[in-house]
2 protein chains.
Amino acid sequence: MKQGEKTKKLILDASNELFYQKGYGSTSFGDIMQKIGLSKGNITYHFKNKEEILKGIVDKRLKEISITIKLWEEQTSDSKKRLRLFCQMIIDEQENIEKYGCPLGTLTSEFSKHKPKLYKIALPMFQTFREWLAKEYQSLGLGINIADEKAMSLLSKVQGVAMVTHVFKDRDFLLKEIESIKKEL
Amino acid sequence: MKQGEKTKKLILDASNELFYQKGYGSTSFGDIMQKIGLSKGNITYHFKNKEEILKGIVDKRLKEISITIKLWEEQTSDSKKRLRLFCQMIIDEQENIEKYGCPLGTLTSEFSKHKPKLYKIALPMFQTFREWLAKEYQSLGLGINIADEKAMSLLSKVQGVAMVTHVFKDRDFLLKEIESIKKEL
DNA sequence: GTCTATAAGAAGATAGAC
DNA sequence: GTCTATCTTCTTATAGAC
């Protein structure tokens, strides 16, 4: 990898972490470049503007989501078990969720009210999960509409748990509630 | 009411609305004062700083929450019905929730990651509902710990619905899901 | 109490030296 | 490619006239 590509990747990784931990709006170019030990003037050599960084992050995350889903599908062909693997993700990430909330939910929420351009960039991450969940519910014999409703319902439950866990800093709640959601599947 | 008090109330009402619709961070003094047709230089005559406006809003909302709860308690002494009235609130506010999310959830989330001072100001609104829900679950014969868990669980479900409804702009989902939550109570 | 004008600071973005 | 310095814009907050 060339030096330029290397720095670009460093900026993306640092931004991804900071956008999650502090939020997009509260993360400045200074924060990002300080984290990787370069001067902040550098950032616009690698990215035209802040929005382009977000796009880079979403691309990166979408690829990671695809890989995660592929792993779940390789682990089992049982759709009910796959849905449980989806829920398990929240348990695996419990520490980060308690501290920072859901990485998808908090980012998308930050944009949904009044930043339509950024919202459109971030939304596909959510949609990917929604569509995959609906597909798995269809495999369980549900019609396409009901399957999508069930997908939304599961997304909703998991987002609620992440949100309340984060707001009340209560990881015990996360564990109990996710287990209960898994059982009800 | 004196003129000063009148203007102060106007600022609080306008801020309350804008903080909900645009978010706290994205609402400027200019936005607020433009909404009520006064010069923006005026604002610090009535409030020391932006944080004080937030405090005023939270005070106002806490009073409204108390009144709402009192109304629910007057409507029925059946705790299960009271819990359903809590859920019904989301249905009554469906239009706003679709557009702007939950007024409590989105505000608290905005602060929870990296603005601890503002977070502490906003949190009591959530706690009020949590404690009241737990009290009602206790009335249904549950022990104090289980009652609190059930309160968290209901808060979580409702927050999830509000969040997903807002992010996907899907009011139909809200209606179906809240009705389903009510039935399961 | 409200106005206009402005200070002070932060953030995104640009320019030119090295 | 990275640095330092600077520009511009926005926002909170202040000062003084009316």
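Below, all heavy atoms of this structure are taken into account, side chains as well, without hydrogens, waters or symmetry copies. The chains referred to below are lettered A, B, ... by the order of the sequence lines, with proteins before strands, and numbering in each begins at 1.
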task: Answer yes or no: is there a donor N or O on one side and an acceptor on the other, between the side chain of A/Ser15 and the main chain of A/Ile11, under 3.5 Å?
output: yes

message: Considering every strand and a 4.0 Å limit on heavy-atom distances, what is the contact class for A/Ser26: base, sugar-phosphate, or nothing?
response: nothing

query: Considering only C/dT2, C/dT14, D/dT14, which nucleotide approaches the side chain of B/Thr44 most closely?
result: D/dT14

- request: Begin with the C-alpha distance, continue with both residues' side-chain angles, and end with the deciding distance and a verdict on side-chain hydrogen bond (donor to acceptor under 3.5 Å, both in side chains) for B/Asp92 and B/Gln88.
  value: CA-CA 6 Å; B/Asp92 294 341; B/Gln88 181 61 35; 3.0 Å; yes

task: Let me know the distance between NZ of A/Lys115 and C1' of D/dC10, rounded to the nearest Å.
output: 13 Å

- prompt: What nucleotide, of D/dT12, C/dT2, C/dA13, holds the atom closest to the side chain of B/His46?
  reply: C/dT2

- prompt: D/dC10 C1' sits how many Å from B/Lys22 NZ, rounded?
  reply: 12 Å

query: Rounded to the nearest Å, what distance is computed from the CZ atom of residue A/Phe29 to the P atom of nucleotide D/dT8?
result: 18 Å

message: Would you say A/Tyr45 places a side-chain N or O within less than 4.0 Å of OP1 or OP2 belonging to D/dT2?
response: no

- line: note: A/Asp31, atom CG; C/dA13, atom P; distance rounded to Å ~ 15 Å

message: Does anything in residues 6-20 of chain A come within less than 4.0 Å of DNA chain C? Heavy atoms only, and list the residues if so.
response: none

- prompt: Hey, what's the ring geometry for B/Tyr24 with B/Phe19, parallel, tilted or perpendicular (30° and 60° as the breaks)?
  reply: perpendicular

task: Among the candidates C/dA11, D/dA13, D/dT2, find the nucleotide nearest to the side-chain atoms of A/Ser28.
output: C/dA11

query: B/Arg130 side chain to B/Asp148 main-chain N or O, any donor-acceptor pair under 3.5 Å?
result: no

query: Looking at A/Glu136, A/Arg84, A/Glu73, A/Gln138, which hits side-chain contact (heavy atoms from CB on, under 4.5 Å) with A/Ser79?
result: A/Glu136

Check: protein-nucleotides 3-5 of chain D nitrogen or oxygen pairs below 3.5 Å:
from: D/dC3; atom 1: OP2; to: A/Ser39; atom 2: N; distance (Å): 2.7
from: D/dC3; atom 1: OP2; to: A/Asn42; atom 2: ND2; distance (Å): 2.6

query: Between A/Glu131 and A/Lys135, does at least one N-O distance fall below 4.0 Å, as a salt bridge requires?
result: no

- request: Return the orientation label for the A/Phe86 and A/Trp132 ring planes: parallel under 30°, perpendicular over 60°, tilted otherwise.
  value: tilted

message: Could you tell me how far apart A/Gln34 (CD) and D/dT2 (C1') are, to the nearest whole angstrom?
response: 17 Å

query: Closest heavy-atom contact between B/Lys113 and A/Lys22?
result: CD-C, 4.3 Å

Separation of atom CD1 in B/Ile43 from atom P in C/dA5, rounded to whole Å: 19 Å

task: Would you kindly say whether B/Asp31 and B/Gln34 are connected by a side-chain donor-acceptor distance under 3.5 Å?
output: no

- prompt: Expressed in angstrom and rounded to an integer, what is the separation of A/Glu52 atom CD from C/dT14 atom P?
  reply: 12 Å

Gap between atoms NZ and C1', on A/Lys50 and C/dA10 respectively (whole Å): 12 Å

